[in-house]
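Working notes, beginning with the structure itself.
Predicted model only: the values in this text are computed from it and were never measured. All chains are named by letter (A, B, ...) in the order of the sequence lines, taking the proteins before the strands, and each is independently numbered beginning at 1.
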Amino acid sequence: MRITNICYSQDDGSSPSAANNFIREIIDGDIESGINGGRVATRFPPEPNGYLHIGHAKSIVLNYGLARDYGGTFNVRFDDTNPITEDEEYVDSILEDIKWLGAEFDGRVFYASDYFDQFYIWAVELITKGLAYVDDLSPEQLKEMRGDYNRPGVDSPSRSNTVERNLELFQQMKDGKFGDGERLLRAKIDMKSPNMNLRDPIIYRVLHRHHYRLGDKWCIYPMYDFAHGFEDSIEGITHSICTLEFENHRPLYDWFLDNVTTENRPHQYEFARLNLNYTVMSKRRLLELVERKLVKGWNDPRLPTISGLRRRGYTSESIWNFCERIGVAKRNSTVDIGLLEHSIRTDLNESAPRVMGVLEPLKVVITNFPDNEVIWFDAPLHPEKHEMGTRKVPLTKEIFIEKEDFREDAPRKFFRLKPGGEIRLRYACLIKCEKVIKGPDGNIEYLECTWDPESKGGTSPDGRKVRGTSHWVSASHGQRVEIRLYDRLFTVENPMDTDGSYLDFLNPDSLVVLKNSVVEPYLGSAVKGSRWQFERKGYFYVDPFDSADGNPVFNRTVTLKDSWARIDAAKTKMPEKSVVNKVPELKTEKRDEAVSEISFDDFSKVALKCARVVKAEAVENADKLVRFELDLGEGRLRQIFSGIKKSYPDPSILEGKSVVVVSNLKPRKMKFGLSEGMVLATEIGSEIKVMLAPEGAFPGADVN
RNA sequence: UGGGCCGUCGACAAGUGGCAAGUCACGGGGCUUUGGUCCCCGCAUCGAAGGUUCGAAUCCUUCCGGCCCAGCCA
């Protein structure tokens with residue numbers, strides 16, 4: 001007898017534990033040196049003044065993951081020290097989102113506002129130690145005396161007040177003897193510090209405002225820098241993790257903790273916040289989109305908010321997975337939204353049942369199909385997971401297929417239905433297009449097809465090859481539904497990084513509502529919140545708010561990867577092999593005959609066209625020249641040189657943008673090659689700026 | 001121009017002096033009743049220049065580039 005002993009290591013790569021990162025290294029070091037007795041306590045400290053977004057999810061996953069993996073604790077703490085912006089509504093939504101994400105806090109929900117009494121005691125301790133003083137500077141004076149990066153600050157006259165006087169004044173602040181802004185409590189640190197945060201920062205301000213939890217109990221409120229470390233200390237937090245912009249605040253965090261009597265000494269560590277392209281992530285921006293009604297609320301599926309993603313159909317697992325794979329580091333970075341989409345596709349590919357839905361219906365009449373017959377086919381709900389079972393799909397004489405699955409003038413690689421062509425109706429049979437029926441306006445009204453009764457189930461009876469398979473729905477049995485197609489909110493990768501307002505780059509097609517879509521009868525009973533794959537079209541989520549029993553409304557979570565769409569798009573843009581690096585002389589000479597040189601007294605003959613910048617690079621050995629490769633929708637790329645180098649040291653930022661080109665100039669031979677036209681630019685002061693056409697302008701479109 | 005932080009493939013990101021992980025994207029091929037999934041293959045000398053070393057992405061020096069800080073916001 002032979003015994004085979006196979007040992008699997010604990011970490012075989014399949015375990016979901018998060019990748020290593022610098023914070024884990026710090027914790028490993030702390031545990032090794034016995035700091036905090038090896039205890040790990042983290043927290044997620046949102047301010048209740050907005051909804052959570054996926055950037056917060058990154059923080060939650062980080063903090064919760066640390067506590068989980070090190071056997072520690074995880075707190076949720078509302079950092080509610082500013083009564084002006086905070087609200088109960090946000091507390092509720094934040095808690096809901098954290099729960100939905102699956103970070104268990106087990107009742108460990110805390111509020112900074114519960115610590116105000118203790119904060120007050122510590123403030124008094126600082127005053128008593130001569131480390132804080134009450135000031136009466138106006139905002140203007142305060143700003144002026146703080147100095148700037150190159151100019152040290154100046155001590156306020158109040159800085160030398162006695163401890164007794166400060167104690168008395170602070171008590172009066174608390175007792176409401178002063179109006180808003182009339183007095184401040186300041187830490188006495190160093191007005192000459194190169195770190196502006198240390199120039200006697202404000203600890204308490206007078207604010208006669210109603211706090212959403214405490215009502216009117218207080219009229220003085222602590223500032224973040226003073227409060228945050230204390231909040232951590234009170235809760236026994238060991239590792240206080242925040243984002244990069246707080247790095248300059250860490251000396252302050254430490255200063256407060258070191259100058260007051262506390263039991264626990266937490267430490268602050270900073271990591272890079274999450275940025276995603278084609279969207280905006282700051283609370284201020286999201287709030288603006290919501291308030292200006294550019295989206296339909298905080299949970300609009302186009303928003304990167306947790307509630308928006310949830311309504312879009314994202315699963316918490318996919319968000320969790322995404323947050324783990326993007327990593328944690330100190331480098332500012334922008335993650336490709338494609339990675340988020342990949343996360344949800346991976347999840348839904350596994351779990352979503354497959355069904356058929358026709359987004360934009362085109363009617364097909366199967367002429368040789370018996371008039372009132374209905375054939376029910378069994379169709380599996382998942383191609384790999386048989387255990388998910390099957391459902392029945394009815395085939396009738398009249399059906400709908402997807403409009404884009406038929407083309408009259410089909411390109412060579414178009415495997416779908418075309419006149420005289422044959423395709424398979426998924427799970428059902430083979431049909432052949434016999435006739436295209438058009439209306440008086442020339443639009444296609446419907447298609448007449450014939451079916452091969454021998455092909456039931458979709459197999460070809462004689463082994464003939466049928467490349468295309470289309471999804472379809474019976475016209476008589478299908479159900480008309482509303483489907484919402486979502487796309488990226490902005491047309492540019494970094495909306496915040498553009499000239500002008502980011503709002504100028506909102507994608508007008510970020511939401512497309514389809515009212516005439518048709519789905520197979522099985523979906524009539526789809527329950528709210530369920531997720532489906534419409535074969536070949538994408539993953540869809542039954543909107544929990546707008547759906548009714550028996551009448552689902554579908555939100556498209558994400559499309560399927562579509563390699564045909566890529567081929568097709570590339571084809572219509574550049575039908576033949578694109579000319580990239582060299583412009584063939586021959587071709588150019590032919591062009592010469594067609595395009596005549598013009599002079600400026602004949603300005604009306606100037607042809608201005610939009611062109612998409614495919615490539616833009618500085619020309620080596622030329623002082624001013626930038627070489628463009630431009631798509632004017634001509635099936636080839638044009639090379640144009642432009643003297644704009646000094647204003648565009650890195651011309652590649654223009655790639656993907658649309659510019660305006662004088663297209664009918666005689667090509668000019670230059671030292672570096674042929675220049676076929678002129679890119680319009682304007683001089684602004686000493687800068688030369690290229691004139692940009694609207695994003696997404698069709699290459700070759702005329703400019704008036 | 002003061003201080004703090006950061007520069008590894010198109011996008012993220014491991015790597016901590018011994019021959020540059022992984023993921024996404026991209027390209028090529030296979031399979032396929034989803035142009036989906038899946039499978040295979042390809043894809044960087046580490047911001048630059050000097051130096052230390054047998055050996056450097058990792059250490060030193062200088063330079064270049066990016067981000068953050070002058071709220072009684074967090």
Please give, in whole Å, the distance from [N] [atom2] to [X] [atom1]?
X: A:Arg325; N: B:A14; atom1: CZ; atom2: C1'; value: 15 Å
X: A:Arg488; N: B:A25; atom1: CZ; atom2: P; value: 12 Å
X: A:Leu198; N: B:G4; atom1: CG; atom2: C1'; value: 12 Å
X: A:Arg146; N: B:G71; atom1: CZ; atom2: P; value: 5 Å
X: A:Leu244; N: B:G66; atom1: CG; atom2: P; value: 17 Å
X: A:Phe230; N: B:A74; atom1: CZ; atom2: P; value: 15 Å
X: A:Leu340; N: B:A11; atom1: CG; atom2: P; value: 18 Å
X: A:Lys418; N: B:G35; atom1: NZ; atom2: C1'; value: 13 Å

Please tell me which of the listed nucleotides, [options], lies nearest to the side chain of [X]?
X: A:Pro383; options: B:C69, B:C73, B:U34; result: B:U34
X: A:Glu47; options: B:U34, B:C73, B:C72; result: B:C73
X: A:Arg536; options: B:G35, B:A13, B:C68; result: B:G35
X: A:Phe246; options: B:U34, B:C12, B:A74; result: B:A74
X: A:Met196; options: B:A74, B:C72, B:A70; result: B:A70
X: A:Phe414; options: B:C68, B:G35, B:G71; result: B:G35

Classify [X] by what it touches in the nucleic acid, base, sugar-phosphate, or nothing, heavy-atom distance under 4.0 Å.
X: A:Ile326; result: sugar-phosphate
X: A:Asn195; result: nothing
X: A:Thr81; result: sugar-phosphate

N/O (side chain, [X]) to phosphate O (OP1/OP2, [N]) under 4.0 Å:
X: A:Ser563; N: B:G36; answer: yes
X: A:Arg205; N: B:A74; answer: yes
X: A:Lys143; N: B:G71; answer: yes
X: A:Lys561; N: B:U37; answer: yes
X: A:Arg566; N: B:C26; answer: yes
X: A:Ser470; N: B:U34; answer: no
X: A:His342; N: B:C24; answer: yes
X: A:Ser333; N: B:A13; answer: yes

Given RNA chain B, 5'-ward residue of the pair A:Asn277 and A:Gly181, judged by closest heavy atom: A:Asn277

Can you work out whether A:Gly327 or A:Gly468 has the more 5'-proximal nearest nucleotide on RNA chain B? A:Gly327

Where the side chain of [X] meets the backbone of [Y], is there a donor-acceptor pair that is under 3.5 Å apart?
X: A:Asp80; Y: A:Ser113; answer: yes
X: A:Arg199; Y: A:Asp148; answer: yes
X: A:His382; Y: A:Asn349; answer: yes

Salt bridge check: are A:Glu235 and A:Arg43 linked by an N-O gap of less than 4.0 Å? no

Given the structure, check if the side chain of [X] and the base of [N] hold any donor-acceptor pair shorter than 3.5 Å.
X: A:Arg250; N: B:G4; answer: no
X: A:Glu350; N: B:U37; answer: no
X: A:Asn248; N: B:C68; answer: yes
X: A:Asn349; N: B:U37; answer: no

Measure the CZ-OG distance between A:Arg146 and A:Ser156 for me, rounded to the nearest 0.5 Å. 12.0 Å

Please work out whether B:G71 sits syn or anti, treating a glycosidic angle within 90° of 0 as syn. syn

Is the number of heavy atoms from other residues, nucleotides or ligands under 6.0 Å of A:Lys330 NZ greater than 12? yes

Answer yes or no: does atom CZ of A:Arg284 have more than 12 heavy-atom neighbours from other residues, nucleotides or ligands under 6.0 Å? no

When you check the side-chain N and O atoms of A:Glu655 and A:Ser652, is any donor under 3.5 Å from an acceptor? no

Could you pull out all residues at least two apart from A:Arg531 that satisfy side-chain hydrogen bond (donor to acceptor under 3.5 Å, both in side chains)? none

Near-parallel close stack of [X] and [N] base (under 5.5 Å, under 30°):
X: A:Phe415; N: B:G35; result: yes
X: A:Tyr149; N: B:U1; result: no
X: A:Tyr224; N: B:A74; result: no

Protein-nucleic acid N or O pairs under 3.5 Å, nucleotides 15-17 of chain B:
residue : atom : partner : partner atom : Å
B:G15   : OP1  : A:Asn20 : ND2          : 3.1
B:G15   : OP1  : A:Glu25 : OE2          : 3.2
B:U16   : O4   : A:Glu25 : OE1          : 2.7
B:U16   : O4   : A:Glu25 : OE2          : 2.7

Aromatic ring proximity, centroids under 6.0 angstrom, A:His249 and A:Tyr253: no

